[in-house]
Each structure stands twice: as C-alpha cells, then as structure tokens.
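A note on names: the letters A, B, ... follow the listed sequences, proteins ahead of strands, and every chain is numbered from 1.
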Amino acid sequence: MKRVHVHLARAIEQALVQMGVNAPTVTLEKPRDAAHGDIATNAALVHSKQVGKPPRQIADALVSTMQLDPRLVKCEGVAGPGFINFRFADAYLQSIAELAFKTKDSYGTTNDLSGKRVLIEFVSANPTGPLNVVSARAAAVGDSLTRIFRALGAECYSEFYVNDAGNQVELLGQSVLARYSSILGRESEVPEGGYHGEYISEFAQQLVAEHGDKYLKMEPSVAAEQLGRMAIERHIEMHRKSLEHFRVTMNQWFRESALRSSNAEWEAFKVLEQRGTIFEKDGAKFVRTSEFGDGQDWVVVTSQGKPTYFLPDIAYHWDKFRRGYDNIIDILGPDHHAYLTKMAAAMSALGEDATRLEIMLLQHINLLRDGEPVKMSKRAGQIVEMDELLDEVGIDAARYFFLLRRTSTPLDFDIELAKRQSDDNPVFYVQYAHARIESIFKRGEVDAPQRPQHLELLTHSEELTLLRRLRELGDVMNECAFSRDPHAMTVWLREVAAQFHRFYHHCRVLTTPAELQTARLCLCRATQIALQRGLALCGVSAPTEM
RNA sequence: ACCCCCGUAGCUCAGUGGAUAGAGCACCGGCCUCCGGAGCCGGGAGCAUGGGUUCGAGUCCCGUCGGGGGUGCCA
C-alpha cells in the first residue's frame, strides 16, 4: 500500500540530486485539506537554504524535472509557500479494490514491524474478586493493540501478571473465613481492609455446602491460608473466563507466586546490592533510584525485613527484560503514573536499557446511564463487574466503546447509548454499513463478487473517495501501533462507513448498466472486506444483517 | 507539598510541526414513484491564557488559570 509513496519519494530525491542537493531528505505528508490532493511534500521548503533559491522556484523546477509513473500518481502543481501536491491516479485507486479481493481476511496486513518482538502486559487485576469495568477498558485496548501489532508483522505477546502472593492473599482468606464462620453461626467480622463483595459470601456458601464445617475445626490461620489460596484460584479462573468471553486470549499468565518460589525477588535484590545501588536507612533497604532518573529513592525491604511490593515487581520486569523484547509495554491505570520513572530507574540500576520499557496510562471510565453517572465504590463492594456490563450491552458494543476515546482521556461509557439500535450509536453505525452492503447483494439477487472486474469504470468522485478511504487502513494501523492506542481505528471505521453511505446515495449500484453494476458491486465487496478487517482488529464482529 | 492526565463548536470528541482547524450529537433549512430515510445535501459557531523555540505552533518548551486523578517503608 506504500508503493506510491516509495515511488514518489524516489522521484523527488532524484530530481533534487539533479539540482545539486546531496543526500536529500524527502518527507511526504497527507494534506489536511483534501482539496490539496492526496500527498504533499515540503521538499522545496526544506532544501531552500541549501540550494540557495526561494522555495517556490525550487518547487517549479522539481515539478518539471520529476519522472512520475502516471498509473500511480500525478502532480497537481505548486501551492502555498512551496508545497508540491500530488494526487493518486485513478488506476492506482482502482487497484486498491483489487488488492482487497486478493488479500481478503488479511487486507491491510504488512510487514512494517516484522522482526520486532513486543510484549504487552495488561489487565493484571488482583485475583481478589471478579473483573470489573476498569479492567474491561484495559482488556479492549490491550487486546486490540496486540491484534494490530501482529497485523503489522510484529511478534507480539499478551501477558497477565497475577498477584497471587503477598498480604492480600491472607486478607482474602480471612475475609472468606469470616463469612464462612458467620454462615455456620459463629459471629465474625471481616478484617480491617478486607473484602466485602457479594462474591465472597457466595463462595462461603458454596464452601459450606461442599465441606460443611471442615474449616471451622482447623487452626484459624491455617484455614484462612487455605481458603485464601482457593479463593485466589477461583478468581483467576473467573478472570480467564471473563476475558475469553470478551474475545481476549492471553499468551501468558505470569504468576507472582512462581517468581517468589524461584527466589527471583532476592536474586534481583542481590544484583542491585552488588551493583552498589542499595543502601540502608532507619532499618529499611532502599534502592538508589534517584541516581537513575527518579526523583527519590524507594524502599524495597521494610525494616521488618519483608520485601515491599516493589521488589517482586522489579524482579518481574527484569524477567521481561531478559526475555529479550524490543518493546515492553505495560498498560496500567492512572494511579500508577509514578511507576514509569520508578521502574525505569530500577531497570537502569540493574544495568538494563530502560528505554525498552513503556508504561501506558489508561484513564478511567465513567459509566453513565442516560447521562447519569452510575455510582461505583469498591469499598462498599458496589463495583460493576465486567460480565454484568457485557451481558447488558453485548461484546461488540463494549469492545468498540472502550476504544472510542484516546487512552489518555477519561471515557464516558453510556450504557443506554451502547444498547441503542440507531445511528447515534457508533458501533451500530459501522456495523450497519456492513450489513447494508450485504443486503444489496441479496436485493440484487447477486452473489458477492468473487473477483474484481471492470474496476476501471469506477471514476465517480464518491467512488474514488471511498477507494481512498479503503487504502488508508495500513496507515491507520501504523498510527495505532506508533501511538500505542487503537482509538484511531474507530475514527477510520466511522469514516469508511460514512463515505460508503455517501457513495451509495450518489451512485446507484443495482439497475445500472451491467458492467458498471459489476464494478460497483466489486467496490461494495471491497468495502465490506475493509470494514470486516478494521472491526476484527478491534475485536468486533461484522454482521451481515441486523 | 509533590506528581500525572486533560482544557479545540452549545455538548462529546478528531487533528504524525505545515496551507482556509474537522466529524458526530443538538439546532435551522432542504431531499422519500428512488438498491435498508438506521440515509443524503446545505447552514452557523471554536484552539483557556501569557511568553518562548521555528520560515511556520492546536501540536514542542516554560509560566498562569481551570477541571479530573494520584502519592508518602499498603499492593
């Protein structure tokens, strides 16, 4: 899909060399205003100083020197301070439809990132309860990003870090034990900072039904420990199921407990110590992160001799570094903003190249119902579970809505809007365009074309504009990967759908002369392929009727 | 106190340092003997603020104001 750009850049470079420029740098950009054409270059402005002539004069010279392939691109002349504008040749745009037929399910796939190894860690919710809607946004974003990276040829892995060790396991066990004891008639309180959710009571009920008062007869601390472990495993399984249902499959579930049993945290500590980056103060052990770009030093071992959460986290990230990825991406909630400098400093302290680590902060979501905020309070156990949301609005709407805003922006998720079957629902609007195309084939009693034919007849401006849109998929994928944000895909999908409706309104498909009808049916089919592909990268289905 | 994110149209948001800043809702005005009107065509209105960097800034840097969130040997 880049062949026009490659051709054009080369032609401009050669023309510049002929004018005496050595090692010219040519950048091509998309003009903001479509009236200026499809591609523009500022080459004349950039090289003005070196050539020693005003930009417009250079631009004129370039235009007359350049050798362009008329089947790919044509020059539209010089504009403004010295921009040179170009427009795709009709033949090239028509070939986009041909490409869609040829590539089908892999339309837009490139090898732009082939050879890159990328790891994306996301969700990583604590296994102390079911997944809530906060995790759902991370799941949608992380999984879509993974799909996009793969479509660009990268070797991309998704990973869930499971915090199945530490204080919270005990606390969880005590919480379960408290509920369990209450059911069996022994009054007991959920401990300070414990878990109050409905799911705890449900689990306790289940335990009573299956095991009777078995755990009441045990030493309470032993019972709590065992119950905590069981609850953790139960929750991990719930997480896995919820994510699978949400069309998210993790390549790896990395357990903190495995890290601990292999002593990896102390190994990391030892190396930090050997590198002279550990010091003691008030009985606690600090890592000298301030020497590696952070504003302060952090405790890794408390004065009680216990590791803080930071130490296993360091060990975990070190493990990821040593697995040899080019990019190690963490998608975290906005409360982790201090994490990047902190963790990057720790990695530097271990002697790693910390620039490989990226922390993406995903802003929160506000659930709305008809514009009114839905109250969420974790403390009171009134969290909205991910599964509840999916049951209500459906997977397609949920996945798409979570991508509608940039990750750096808080997201208002209106439940009623997501359920609405009308064009103000963005996911509906896009899926509708896809279904509408299908209905054209049905209505015309024609099968969807299997191969491209008569594409040269697609010369109407709405047809060509639609083809332009379809061409952009590869660009959009690259943009998403570069910004680590799949949001741009939803913008593109909406524009493709809108342009399809425009084309459809202006150009009759059925009841036109046979060859033109065939050509337009091909364009419809190509649009379907592109929509399917864009939706698939978002993890959203493309229904044929609705 | 410190840190992070965000201030673009009435509202929700787009906008890889480039030309006259774009959509969708909402509002106003058109278009159904016509393949799905769940659509199409047209209209008004905007970069919080003060500096700086640059040939060129909504975009990069610093300050101010406003909104949201977070933090101190818990995870």
Roughly how far apart, to the nearest Å, are [N] and [M] at atom [atom1]?
{"N": "B:A1", "M": "B:U64", "atom1": "P", "result": "12 Å"}
{"N": "B:C40", "M": "B:C25", "atom1": "P", "result": "9 Å"}
{"N": "B:C32", "M": "B:G68", "atom1": "P", "result": "49 Å"}
{"N": "B:U54", "M": "B:C61", "atom1": "C1'", "result": "12 Å"}
{"N": "B:C47", "M": "B:A23", "atom1": "C1'", "result": "16 Å"}

When you compare the ring of [X] with the six-membered ring of [N]'s base, are the centres less than 5.5 Å apart and the planes under 30° from each other?
{"X": "A:Phe428", "N": "B:A38", "result": "yes"}
{"X": "A:His36", "N": "B:A19", "result": "yes"}
{"X": "A:Tyr429", "N": "B:A38", "result": "no"}

A:Glu462 or A:Arg443, whichever maps to the more 5' nucleotide of RNA chain B: A:Arg443
Residue whose nearest RNA chain B nucleotide is more 5′ - A:Thr41 or A:His501: A:Thr41
Glycosidic conformation of B:C32, taking syn as within 90° of 0 and anti otherwise: syn
Parallel, tilted or perpendicular: rings of A:Phe402 and A:Phe413 (30°, 60°): tilted
Criterion side-chain hydrogen bond (donor to acceptor under 3.5 Å, both in side chains) against A:Arg436, the qualifying member of A:Gln528, A:Glu545, A:His501: A:His501
Pair A:Asp396, A:Gln431: side-chain N/O donor-acceptor within cut-off below 3.5 Å: yes
Residues in contact with RNA chain B, drawn from residues 399-421 of chain A - heavy-atom cutoff 4.0 Å: A:Arg405, A:Arg406, A:Ser408, A:Thr409, A:Pro410, A:Gln421
Close approaches to RNA chain B from residues 298-305 of chain A, in residue order (heavy atom, under 4.0 Å): A:Val299, A:Thr302, A:Ser303
Nucleotide N/O of nucleotides 56-60 of chain B paired with protein N/O under 3.5 Å:
unit_1	atom_1	unit_2	atom_2	d
B:G58	O6	A:Arg32	NH1	2.9

Verdict with reasoning, A:Lys442 to A:Glu438, per salt bridge (Lys or Arg N to Asp or Glu O under 4.0 Å): CA-CA 6 Å; A:Lys442 272 186 210 135; A:Glu438 194 66 26; 5.4 Å; no
Qualifying side chain to side chain donor-acceptor pair (under 3.5 Å) pairs, either residue in residues 301-311 of chain A, two or more places apart: A:Tyr309-A:Lys342
Check: B:A19 base within 3.5 Å donor-acceptor of A:Asn85 side chain: yes
For A:Asp164, the option from A:Arg234, A:Arg255, A:Arg229 that meets salt bridge (charged side-chain N to carboxylate O under 4.0 Å, His left out): A:Arg255
Does [X] put a side-chain nitrogen or oxygen below 4.0 Å from OP1 or OP2 of [N]?
{"X": "A:Ser439", "N": "B:G36", "answer": "yes"}
{"X": "A:Arg502", "N": "B:C41", "answer": "yes"}
{"X": "A:Asn167", "N": "B:A75", "answer": "yes"}

Stem list, RNA chain B (Watson-Crick or G-U pairing under 3.5 Å, at least 3 consecutive pairs): B:1-7 with B:65-71, B:10-13 with B:22-25, B:27-31 with B:39-43, B:48-52 with B:60-64
Pair A:Phe254 and A:Tyr316, ring centroids less than 6.0 Å apart: yes
Please report, to 0.1 Å, the donor-acceptor pairs under 3.5 Å made by any side chain of residues 490-500 of chain A, with sequence neighbours excluded.
unit_1	atom_1	unit_2	atom_2	d
A:Thr490	OG1	A:His487	O	2.7
A:Trp492	NE1	A:Arg469	O	2.9
A:Glu495	OE1	A:Arg469	NH1	3.2
A:Gln499	OE1	A:Arg502	NH1	2.8
A:Gln499	NE2	A:Glu462	O	3.1
A:Gln499	NE2	A:Glu462	OE1	2.9

Sugar-phosphate, base or nothing in reach of A:Cys480, heavy atoms under 4.0 Å: nothing
Touch class at under 4.0 angstrom, heavy-atom based, for A:Tyr504 against every strand present: base
